[in-house]
Amino acid sequence: AKYVIGTRTGIRNDKPIIPARGVQAQGSGDMYPKGGNMLHMIRQILDNDDAWREILRGLNKTFWHQTVTGQQVRDYISAGVRTQLLGVDLESIFRQYLETTMIPTLHLEERADGVAYKWSDVVPGFELSLRSPSRAFPDMTLGLSPTTEWQVKPKPFFDDFTVSPNYYIKVVRTKAP
């Protein structure tokens, strides 16, 4: 994990990994470090290394000695994750990290009534739920499902919630005036 996270310093985000379709263009040189970070993050979402390994092995077995498209790989990984986590759709994550230069930004704003949170710099329909181990209750996992609209949780929730560096996102913390 430390190695993959360390490669982020070399990501330029100068252009999308996948260029506009139907145009003679090359994608970004970020394809390896940014793509690696995206895959690492999907592994964290799945939270099951045995299942992740099976997805990767299945990808190799299914497409052995074939020329494949990026869409075939996306579909295969998405289907593998869906068999483990019902309702999880990775398409917005693939669009976000492969087709844009934007890094999702999680805004956390401390307010009198709690902590408000939302995403910015995301593609329409972006879905990425965040998990954090509870510091107060070690056997418990806390979940956060931001959208592009402000939501509020009680402040004690965020006293116990930490954003894992395994998620390739930016976090901006502010206090409301």
- Item | Under 4.5 Å side-chain linkage, directly or through intermediates, the cluster mates of Y3 | V4
- Note on the structure: Closest non-hydrogen contact found for V123 with S92 is CG2-O, 3.7 Å
- Within a reach of under 6.0 Å around CD of E149, are more than 12 heavy atoms found that belong to other residues, nucleotides or ligands? no
- Item | R135 atom CZ, over 12 foreign heavy atoms within 6.0 Å | yes
- Decide side chain to side chain contact (heavy atoms under 4.5 Å, CB included) for L128 and I45; before the verdict, give the C-alpha distance in whole Å, the side-chain angles of both, and the deciding distance to 0.1 Å. CA-CA 8 Å; L128 173 59; I45 293 166; 3.5 Å; yes
- Note on the structure: Shortest non-hydrogen pair, Q96 vs M102, comes out as NE2-O, 3.0 Å
- Task: Take the angle between the ring planes of F161 and F157 and call it parallel below 30°, perpendicular above 60°, tilted in between.
- Result: parallel
- State, with a plain yes or no, whether a side-chain heavy atom of I77 is found less than 4.5 Å away from one of W52. yes
Would you list the atom pairs, donor with acceptor, under 3.5 Å between side chains in residues 53-67 and any protein atom, with sequence neighbours excluded?
unit_1	atom_1	unit_2	atom_2	d
R53	NH1	D50	OD1	3.0
T62	OG1	G58	O	2.8
Q66	NE2	T62	O	3.0

- Item | Pairwise distance CG(D30) to NZ(K15) - rounded to 0.5 angstrom | 9.5 Å
- T101 side chain reached by D14 side chain, heavy atoms, under 4.5 Å: no
- Message: Restricting to non-hydrogen atoms, name the atom on L106 and the atom on P146 that form the minimum distance, rounded to 0.1 Å.
- Response: CD1-CG, 3.7 Å
- Are side-chain heavy atoms of N166 and H40 found at a separation under 4.5 Å? yes
- Query: From E127 CD over to D89 CG, what is the distance, rounded to the nearest 0.5 angstrom?
  - Reply: 6.0 Å
- Query: side chain to side chain contact (heavy atoms under 4.5 Å, CB included) between R95 and F126: does it pass, once the steps are laid out?
  - Reply: CA-CA 9 Å; R95 283 193 338 266; F126 182 72; over 6 Å; no
- Heavy-atom side-chain contact between W119 and T105 under 4.5 Å: no
- Message: side chain to side chain contact (heavy atoms under 4.5 Å, CB included), that's the test. Do E110 and R173 meet it? Break it down for me.
- Response: CA-CA 8 Å; E110 194 171 326; R173 299 174 193 274; over 6 Å; no
- Below 4.0 angstrom, N of the basic side chain to O of the carboxylate: do K118 and E109 qualify? no
